[in-house]
Protein chains: 2
Amino acid sequence: MVSERRGQTAGVKAVAAAAGVSLGTVSNVLNRPEMVSPVTRAKVEAAMTQLGFVRNESARQLRAGSSRILAYLMLDAGNPFFTDVAKGVEEAARAAGLSVFLCNSNEDASREADYLDLLEQQRVQGVLITPIDQHSSRLRNLPARGTPVVVVDRAIDDDQHCSVAVNDVLGGELAIAHLLELGHERIAYVGGPETIGQVTDRRAGGWAALRKAGRPASDLIEINTGALTVAEGRGAGQRLAGLPAARRPTAAFCANDLLALGLLQQCVTLGIRVSEDLAIVGYDDIEFAAAAAVPLTSVRQPRQLLGRTAAELLLDESANPDHEHQRVIFTPELVVRTSTSGAG
Amino acid sequence: MVSERRGQTAGVKAVAAAAGVSLGTVSNVLNRPEMVSPVTRAKVEAAMTQLGFVRNESARQLRAGSSRILAYLMLDAGNPFFTDVAKGVEEAARAAGLSVFLCNSNEDASREADYLDLLEQQRVQGVLITPIDQHSSRLRNLPARGTPVVVVDRAIDDDQHCSVAVNDVLGGELAIAHLLELGHERIAYVGGPETIGQVTDRRAGGWAALRKAGRPASDLIEINTGALTVAEGRGAGQRLAGLPAARRPTAAFCANDLLALGLLQQCVTLGIRVSEDLAIVGYDDIEFAAAAAVPLTSVRQPRQLLGRTAAELLLDESANPDHEHQRVIFTPELVVRTSTSGAG
DNA sequence: ATCATCACTTGAAACCTTTCATAACCATCA
DNA sequence: TGATGGTTATGAAAGGTTTCAAGTGATGAT
């Protein structure tokens, strides 16, 4: 009984010796099994299982120069919207025989930067990213150095990479137009920080809707949050409740559903009636929006499709020599529920 | 103007040439900067940025033999419970200067197996996993071959690895005991599939509570689901509603909050009053539980702590030569809300 | 018999870093 | 002056795989 020290892994060399063949043949069994005679292949495979051979991917990648991994650098893994996008990515990647590593920047620019460096060093096949800072030089440099990038949920007119997005300005417009139609005259826009493109686009859409309706700018009040989370949504609720009744909005449009759910929850806690006292519109239409204390009106985006399309563009970029960068833009859709339409 | 072909990256050799130093010196700047004189270091660093040098991690890892990456193979990335666990993992890893890759098995055993193979081939520093099948041979083999493993959210009496868990049997007991105390005499246990340990443990706890209360086995009805998702929860709601009134349970304990939220949502849709007609208890106490249509009674687990502890055990295992495998078990806590306690 | 063909196999080179023993250099001290 | 020690730089070897040109036999055709 030979006791193997931990970490002692047999390599192709050992397998070759055990099977009585050459190194190259073992490699062929691994990479081009059809070129190896059935009997030899069987011998090699037997040796592999017997020795517990595990291919060293670092060495493989170093020599072969290609990675079988795709990374999706998410803005917030705790937001079900992005995990749905990730599902779409995984689906497309799996269909192409690749694996996906998920990375979570968690709305932190330095973590995003660290991950980008790491992924570049890993020489992954490509990076999908929903960026915090879409103008970061690191992000722009990646493609030129050989790592394809696709920006997800952000439209970018950069000729370095593809992007797949949903028209956030239109989404914001839909939301505010809906609230204006319902007769609201003092509306809050809840969102932040400014660095996140989604936040500013959706807000811009809101302003556009206001302008189109011929309403004064004073009808839209901006409430800034530090992040797009449930906790920040609750905080925004506190702030809204603290306003003197005369200046308190009768409706709120939140930059995403997490904020909206937090706000909604705070309203329930404080006894503010959602819809009657404060109408709320969210954004993303995550699965939990429909199950909320008061079902949430929200702007729906094609979540999985977003991820799938992005992954497909990335795959095309690395496979197709005359790939052309594209900007795909989907259209959002307003889903009206009780949080704005009352007892429904 | 030299046009570089895509993917053409400068290596240490090129940097050394450009800086007029030897290869080894460049490596020293990278790995032991304190051993190289400030002036030389400056020269090398200048050359690096000028050439856009990006260290090839495959080569580094091949030679150095160590990875700076930790993987967390999640049961369901779409479940906020696991993303909270992941946050804990990231926190601990970051404190130790490591990065985390998230992988999503999505309750699919073959995806879990693929990821385990991949991670082993990548020679990651260690694998954290919430397994679908905790008895898989693949899982048991990893540690012996040099990849440390920590099982998260499952207690395993295997001497191959550490595990960090919450006492799910106790959690199930708390839930059912609570419902029994409220006077319910026909209770449904909603969960599945059987292969998932959490499902069977929580159910076992439920049966234990029933026994302790001296109630007949007929008081607990099992409703099987195909996965632990909101959609399956809605399906369970349909099935419950379809039962003849005489056999329909007055309370339901769900194996996790996603199921509970789906069930709850279906009840609202069907006009079944939650708490009055059907009391519901969930499990995990995810952030959305409190914000649900009817705030959800749930069994709370220390989510981030779970992840942090697991990561710390893993780090100890790879750093500390006389590491001993441990089984850490936390205690769950029942959080009572309106879904069981009525208008509250 | 000879030669071309075919189906496999082989072994050395290459991929890019890190490591480590050795060398070079300089300053200090006896 | 020569020896000593300390600091910094060097260059060859090593790590595990893939690749590819070249080799080996066997088969079939001439």
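Protein chains get the first letters and strands the later ones, always in sequence-line order, with residue 1 at the start of each.
Following rounding to the nearest Å, A/M35 (CE) and D/dC20 (C1') show an atom-to-atom distance of 11 Å. Atom CD in B/Q61 sits about 13 Å away from atom C1' in C/dC16, given to the nearest Å. Atom CZ in B/R60 sits roughly 13 Å away from atom C1' in D/dG15 (whole-Å rounding). The CZ-C1' distance, from B/R55 to C/dT18, rounds to 10 Å in whole Å. Between A/E57 atom CD and C/dC15 atom C1' the separation is 14 Å, expressed in whole Å. Distance CG (B/N56) to P (C/dT18): 9 Å, rounded to an integer number of Å. Rounded to an integer number of Å, the gap from CG of A/N31 to P of D/dT17 is 11 Å. Rounding to whole angstrom units, CZ of residue B/F53 and P of C/dC16 are separated by 11 Å.
In this structure, A/N104 contributes its side chain and A/A77 its backbone to a donor-acceptor pair below 3.5 Å.
Place B/R41 and B/A59 on DNA chain D by their nearest nucleotides, and B/R41 ends up nearer the 5' end. Looking at which nucleotide of DNA chain D each of B/V39 and A/S27 is closest to, the 5′-most match is held by B/V39.
At a threshold of 4.0 angstrom between heavy atoms, the contacts of A/T25 include nucleobase atoms, whether or not backbone atoms are also involved. Within the nucleic acid shown, B/S58 has no heavy atom closer than 4.0 Å to any nucleic acid atom. Residue A/V21 is classed as a sugar-phosphate contact, given heavy-atom separations below 4.0 Å to backbone atoms only. At a threshold of 4.0 angstrom between heavy atoms, the contacts of A/G24 include nucleobase atoms, whether or not backbone atoms are also involved. Looking at heavy-atom distances under 4.0 Å, A/V36 makes contact with sugar-phosphate atoms alone, never a base. In this structure, B/S37 reaches the sugar-phosphate backbone alone: every heavy-atom distance under 4.0 Å involves primed, P, OP1 or OP2 atoms, never a base.
Of the charged side-chain nitrogens involved, none lies within less than 4.0 Å of a carboxylate oxygen, so that A/R327 and A/D157 do not count as a salt-bridged pair. The pair A/E120-A/R138 fails the salt-bridge criterion, with no side-chain N (NZ, NE, NH1 or NH2) lying under 4.0 Å from an Asp/Glu carboxylate O.
In the model, B/S66 has a side-chain atom that pairs as donor or acceptor with a side-chain atom of B/R60 under 3.5 Å. Residues A/R32 and A/S27 have side chains that never bring a donor and an acceptor to within less than 3.5 angstrom of each other.
When distances run from any side-chain atom of B/R32 to the nucleotides C/dC16, C/dT19, C/dA13, the shortest one goes to C/dT19. Side-chain atoms of B/R63 lie closest to C/dT18 of the nucleotides D/dT18, D/dT10, C/dT18.
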